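No experiment lies behind these values; they were computed from the predicted model shown. In what follows, residues are counted from 1 in the order of the sequence shown. FYI, side chains are in, hydrogens and waters are out, and symmetry mates aren't considered; it's all heavy atoms of this structure.
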Amino acid sequence: MLRTATSFKGFNSKALRAAQFVRFASTQEFDVVVIGGGPGGYVSAIKNAQLNMKTACIEKRGALGGTCLNVGCIPSKSLLNNSHLYHQVKHEASTRGIDITGDIKVNVDNLQDAKQKSVKALTGGVEMLLKKNGVTYFKGEGSFVDEHNLNVKPIDGSEEFQVKGKNIIVATGSEPTPFPGIEIDEERIVSSTGVLDLKEVPKRLSIIGGGIIGLEMASVWSRLGSEVTVIEFQNAIGAGMDGEVAKQTQKLLAKQGLKFKLGTKVTKGVREGDVVKIEVEDVKSGKKEDLESDILLVAIGRRPYTKGLNLEKAGLEVDNKGRLVIDDQFRTKHSHIRVIGDVTFGPMLAHKAEEEGIAAAEYIKNGHGHVNYGNIPSVMYTHPEVAWVGSNEEQLKEQGIKYKVGKFPFIANSRAKTNLDTDGFVKFLADAETQRVLGVHIIGPNAGEMIAEAGLALEYGASTEDIARTCHAHPTLSEAFKEAALSTFDKPINF
């Protein structure tokens, strides 16, 4: 029931307007209601609105952009970029003809401030985009009342209300996967969220998990002065990487000072004061070892986030991994409820969620949409960067597909040599008969940008000859991409 302005002391006109809006909103019906304002959710909300559907987006964080913009992709890239700049100035300036006098120091407080400014600017920009496209934005926690109605609990503590959606899209994302028996306090034992907010550079940093998140954070704090040890259960780092690329990446990161314990499982991790005691065991031999660290990062992956959704009220099903079950058009058992992003199947990547968000909107409006799951790029923003799209060698061998390999090293690329940044290579995998591109794997400078050309080639079914015969500007790093394509069916010119 709506309170009047005289019903309690201190209820000003602004509060009254807010209460009136809540009452008005509680009676609203929408063509589409999106639960979650992350990369998948806000993009889908915008696309639905652009398709002339009355759209609402419910987000409980208080800032749009989800994990990616708030505690994931964006803040981590800020730390990666600025820590790399610090490392270059401190260790490479003289070789580049720049003499710097005095001490070069890192200011962690200012580093964190720069990160937060980037986050605030981008999350605020997303809110403006929703407004620009006419999306109604509810800052609150959404949960199912039934298969069409949602309860919204505002984050400001005001009265709860309900909205109705002819169509509902669940895009609630994921959260860090906990490690059984290890308690995360976000002080000494941290998740991928806590490691972004460290107040000082730890002398010793141990990381459970040699995937993208673990290796990126290893790079940040190693550059700033930490002794970093990466503990990985598998015998290789970078889950999903081409085997050859993973080995080369490990060698290059080891040269930068990172220590690796592969084929090793963690059996215990306990905080004792300001120290974390870690017990590890060799997977093959069973040999145990005790380690000590100032900070322990648990980075063993992410899991779907469905807490508070009241899925049972809508009768929605999850699989044994906690993912919402859907068909090839993102539909649950109720055809008007669709699910996208990390909370369902597929790689937990922001750009994958975005593509699904657009496709889901198109399915609702037009009955057709498209996401090519064989063409979702992955990027690791270490230095050098690592990027890949399509199949890797291990997958092609497993499928019995005959293929050719073509590689070109950045040491032979004029721009890379000029920039004194020559680690890595471009690697093509192509059909042995047709030369059609099956996969591209890059380790080297600008790999994350260059992989887009590979994605375009895959999408249009290009051959390596198509790419090799396409003029690339000189001098650019992308010439290495052209030469690698040429190497696959003929011989390179500059190597």
inquiry  = Do R436 and S463 have side chains that approach each other closer than 4.5 Å (heavy atoms only, starting at C-beta)?
reply    = no
message = When you compare the side chains of E483 and N494, does any donor N or O come within less than 3.5 Å of an acceptor on the partner?
response = yes
key: Close side-chain approach of I278 and D290, heavy atoms under 4.5 Å   = no
message = Could you report the tightest heavy-atom contact between G444 and F410, atom names first, then the distance?
response = CA-CE1, 3.7 Å
task = Identify which one of I340, V170, V339, V343 satisfies the side-chain contact (heavy atoms from CB on, under 4.5 Å) criterion when paired with I326.
result = V339
request  = For the residue pair E232 and K261, establish whether any side-chain heavy-atom pair is separated by less than 4.5 Å.
outcome  = no
Heavy-atom donor-acceptor pair, N372 side chain to E459 backbone, under 3.5 Å = no
inquiry  = If we count only N and O atoms by modelled type, under 3.5 Å, do the side chains of E186 and T193 hold a donor and an acceptor together?
reply    = no
ask   = Is the count of non-hydrogen atoms from other residues, nucleotides or ligands lying under 6.0 Å from Y86 atom OH greater than 12?
value = yes
Donor-acceptor contact below 3.5 Å, side chain Q88 vs main chain L85 = no
remark   = Quick note, side chain to side chain donor-acceptor pair (under 3.5 Å) partners involving residues 292-301, not counting sequence neighbours, are R204-D294, S206-S293
inquiry  = Taking the basic N atoms (NZ, or NE/NH1/NH2) and the acidic carboxylate oxygens, is any pair closer than 4.0 Å for E175 and K307?
reply    = no
query = Hey, are the side chains of L252 and P384 touching, using non-hydrogen atoms and a 4.5 Å cut-off?
reply = yes
inquiry  = I'd like to know whether CD of E398 has more than 12 heavy-atom contacts from other residues, nucleotides or ligands below 6.0 angstrom.
reply    = no
query = Does R188 reach the main-chain N or O of G273 with its side chain, forming a donor-acceptor pair under 3.5 Å?
reply = no
key: Steps toward side-chain hydrogen bond (donor to acceptor under 3.5 Å, both in side chains) verdict (S44, R338)   = CA-CA 11 Å; S44 191; R338 300 175 194 257; over 6 Å; no
ask   = At what distance, to the nearest 0.5 angstrom, does CG of L122 lie from SG of C73?
value = 11.0 Å
note = Contacts satisfying side chain to side chain donor-acceptor pair (under 3.5 Å) that involve residues 96-110 (not counting sequence neighbours) are E92-R96
message = Looking at E216 and L80, would you say the former's side chain and the latter's main chain have a donor-acceptor pair under 3.5 Å?
response = no
key: Check: T123 side chain, K120 main-chain N or O, donor-acceptor pair, under 3.5 Å   = yes
request  = Run the numbers on I443 and E385 for side chain to side chain contact (heavy atoms under 4.5 Å, CB included), then give the verdict.
outcome  = CA-CA 6 Å; I443 174 171; E385 291 182 352; over 6 Å; no
task = Report yes or no: do E453 and H472 form a side-chain donor-acceptor pair below 3.5 Å?
result = yes
task = Starting from the C-alpha separation in whole Å, work towards a yes-or-no answer on salt bridge (charged side-chain N to carboxylate O under 4.0 Å, His left out) for K115 and D197.
result = CA-CA 10 Å; K115 178 198 73 178; D197 288 329; 2.5 Å; yes
ask   = Do any N or O atoms from the side chain of R303 and from the backbone of T177 form a donor-acceptor pair under 3.5 angstrom?
value = no
key: side chain to side chain donor-acceptor pair (under 3.5 Å) pairs, two or more places apart, involving residues 270-281   = D185-R271, E187-R271, T267-E279, E272-K277, E281-K288
inquiry  = Using a 3.5 Å distance criterion without hydrogens, assess whether the side chain of S226 forms a donor-acceptor pair with backbone atoms of P202.
reply    = yes
inquiry  = I want to check something: taking the side chain as every heavy atom from C-beta on, are T488 and V405 in contact at a cut-off of under 4.5 Å?
reply    = no
message = Pairing donors with acceptors under 3.5 angstrom, does anything connect the side chains of H383 and D423?
response = no
ask   = In Å, rounded to the nearest 0.5 Å, how long is the span from OG of S83 to CG of L111?
value = 7.0 Å
inquiry  = Run V389 and L458 through side chain to side chain contact (heavy atoms under 4.5 Å, CB included) and show every step you take.
reply    = CA-CA 9 Å; V389 68; L458 279 170; 3.7 Å; yes
inquiry  = Is it the case that the side chain of N70 and the backbone of G66 share a donor-acceptor pair, with hydrogens and angles ignored and the cut-off at 3.5 Å?
reply    = yes
ask   = Can you check whether Y381 reaches S76 side chain to side chain, under 4.5 Å on heavy atoms?
value = no
Criterion side chain to side chain contact (heavy atoms under 4.5 Å, CB included) on I442 and V386, from CA distance to verdict = CA-CA 6 Å; I442 308 173; V386 185; over 6 Å; no
inquiry  = Filter on ring-ring contact (aromatic ring centres under 6.0 Å, His included), then keep only pairs touching residues 88-115, sequence neighbours left out; what's left?
reply    = H87-H91
key: ring-ring contact (aromatic ring centres under 6.0 Å, His included): pairs with one or both residues in residues 210-260, sequence neighbours excluded   = none
ask   = Are K427 and E244 close enough for a salt bridge, meaning some N to O gap below 4.0 Å?
value = yes
note = Heavy-atom closest pair (E479 atom, S414 atom, distance to 0.1 Å) is OE1-OG, 4.1 Å
ask   = Is the backbone N or O of F330 less than 3.5 Å from a side-chain atom of D327, with the two atoms forming a donor-acceptor pair by type?
value = yes
task = Ignoring hydrogens and angles, state whether a donor on the side chain of E356 or Y373 is under 3.5 Å from an acceptor on the partner side chain.
result = yes
task = Sequence neighbours left out, what pairs pass side chain to side chain donor-acceptor pair (under 3.5 Å) with at least one residue falling in residues 245-254?
result = none
query = Distance only, no hydrogens: is a donor on one side chain within 3.5 Å (strictly under) of an acceptor on the other, for Y403 and E393?
reply = yes
inquiry  = The test is side chain to side chain contact (heavy atoms under 4.5 Å, CB included); show your working for I207 and V228 and say whether it passes.
reply    = CA-CA 8 Å; I207 300 172; V228 178; 4.0 Å; yes
query = CG/N392 to CG/L438 distance, rounded to the nearest 0.5 angstrom?
reply = 11.5 Å
request  = For the residue pair V266 and F179, establish whether any side-chain heavy-atom pair is separated by less than 4.5 Å.
outcome  = yes
query = So, the side chain of Q112 versus the backbone of L196: is there a donor-acceptor pair under 3.5 Å, distance only?
reply = yes
note = Here the gap from L215 atom CG to L253 atom CG, rounded to the nearest 0.5 Å, amounts to 6.0 Å
task = Flag yes if more than 12 heavy atoms outside E183 fall under 6.0 Å of its CD atom; otherwise flag no.
result = no
inquiry  = Are Q395 and D242 packed together at the side-chain level, in the sense that at least one heavy-atom pair is separated by less than 4.5 angstrom?
reply    = no
K265 atom NZ, neighbour heavy-atom count above 12 within 6.0 Å = no
query = Any side-chain donor paired with an acceptor under 3.5 Å for R415 and S478?
reply = no
inquiry  = Using every non-hydrogen atom in the two residues, find where G36 and C57 come nearest and quote the distance to one decimal.
reply    = O-SG, 3.6 Å
key: Nearest-0.5 Å distance, CD of residue E59 to OG1 of residue T172   = 9.5 Å
key: F345 six-ring face occupied by K352 cation (under 6.0 Å, within 45°)   = yes
task = Verify whether the ring centers belonging to F481 and F428 lie closer than 6.0 Å.
result = yes
inquiry  = Using 0.5 Å steps for rounding, measure from the NE2 atom of H441 to the CZ atom of F425.
reply    = 9.5 Å
